[in-house]
Amino acid sequence: MITLDDAFRKFRSRLELNEREQKNASARHTEVREHVRSKFKIECDFLTGSYARYTKTKPLKDVDIFFVLQGSERGYRERPPSEIIDAFHKALVEKYGDKKVKKQARSICVDFGVDVDEDDNTNYRILSVDVVPAFRAAVDYEIPDTTSGKWIKTNPEVHADKATAAHKNYSNEWKGLVRMLKYWNNNPKHGEKPVKPSFLLEVMALDCLHGKWGGQFDREFQGLFATLANRIHESWPDPAGLGPPVSDGMDAARKNRAKSLLEAAGREATLAIHLARQGKHGEALDAWRKLFGPKFPKS
Ligand SMILES: Nc1ncnc2c1ncn2[C@@H]1O[C@H](COP(=O)(O)OP(=O)(O)OP(=O)(O)O)[C@@H](O)[C@H]1O
Ligand SMILES: [Mg+2]
């Protein structure tokens, strides 16, 4: 039977981006880019967000594409954020149809209608992209936010640098732990995701996974779930110090719900550790799989 350490390593590698998925993401990016470029004056566009930082979990969905608009499109920046979201939405509907294109607060989601099997596999295809219109603002960017009706500042390079530094400080285990944690968050057993946006988990992990990698995945998660539960009610600012607090996405009721689900995950981890200590190895693997979902291997 697979050892617990190997099971976690296999789980981690199943959540890594592989070449075929990157090829598919790149093909989708090219296709969306060509269409958007035919409709707006674009200075540059690139894949960003957790996908570009290697902190995205599986199944791969909502891969962010940033479209930096040229100065000649600046008129949109002077008007309410909903106008650029509407304009991008309209342009994308022309190509993909209104069933596959959805407005979100800061982006437009294009769904490619890919099926996910019971083991969360997608035959190496990405499910959807989030198209994010952006303007340059000195070294940063401004993106529309229709929830607040304001343009918000962001800087993906700063987020990427912080993730890289955290990863290095944590014996190169940090990104793997974040992907596993986000996979737990996506487990359909919760109904709605406990933590929203899942970027908040990454932001909390910048602070909560400090010190040194302890060398054991099971202990790391036991401690991490407990710390996250304890600190979910805190305010979590944008790590780049530019946008609104990332924790603003949840009201008090949602935070209470997240807290109890994180506490429950911590208890499940403790139980799984206990089973392994009693020599009930198969049951321990089952408990971890139940906690995380089908990509946690049993063999
Ligand atoms: N409150 C914020 N202020 C500034 N920038 C933000 C804020 N929230 C998100 N961002 C930036 O926008 C990017 C895309 O946001 P999104 O919610 O898609 O998160 P993500 O990191 O891509 O995570 P996920 O794995 O859920 O897709 C983030 O990676 C981050 O760089
Ligand atoms: Mg994203």
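As the structure lists them, so they are numbered: ligands from 1, and atoms in each ligand from 1. Given the structure is predicted, the values throughout are model-derived calculations rather than measurements.
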Quiz prompt | Flag: protein heavy atom within less than 4.0 Å of atom 8 (N) of ligand 1 | solution = yes

Quiz item: What protein heavy atom sits nearest atom 30 (C) of ligand 1, and how far off is it?
Solution: His159 ND1, 3.2 Å

Quiz prompt | Top protein contact for atom 26 (O) of ligand 1, by heavy-atom distance | solution = Ser198 OG, 2.4 Å

Quiz item: Between Gln104 and Cys109, which heavy-atom pair has the shortest distance, and what is it?
Solution: OE1-CB, 3.4 Å

Quiz item: Are the ring centres of Phe225 and Trp184 closer than 6.0 Å?
Solution: yes

Practice problem: Between Ser50, Gly243, Pro244, flag the one that comes closest to atom 1 (N) of ligand 1 by a heavy atom. | Solution: Pro244

Exercise. Answer yes if the ring centres of His159 and Phe199 are under 6.0 angstrom apart, and no otherwise.
Key: yes

Quiz item: How close does the nearest protein non-hydrogen atom get to atom 13 (C) of ligand 1, and which residue and atom is it?
Solution: Gly49 CA, 4.2 Å

Quiz item: Going by the order shown, which atoms of ligand 1 are within less than 4.0 Å of some heavy atom of Val246?
Solution: 1 (N)

Quiz item: Do Leu228 and Leu181 come within less than 4.5 Å of each other through their side chains, counting heavy atoms only?
Solution: yes

Practice problem: List the atom of Arg14, the atom of Lys295, and the distance in Å for their closest heavy-atom pair. | Solution: NH1-O, 3.0 Å

Quiz item: ligand 1 versus Lys153, non-hydrogen atoms closer than 4.0 Å: side chain, backbone, both, neither?
Solution: backbone

Quiz item: What is the name of the N/O/S atom in Asp64 that sits closest to the Mg ion (ligand 2)?
Solution: OD2

Self-check item: Aromatic centroids of Phe46 and Phe67 separated by under 6.0 Å
Solution: no

Quiz item: Tell me, which protein residue and heavy-atom name are nearest atom 12 (O) of ligand 1, and how many Å apart are they?
Solution: Thr154 OG1, 4.5 Å

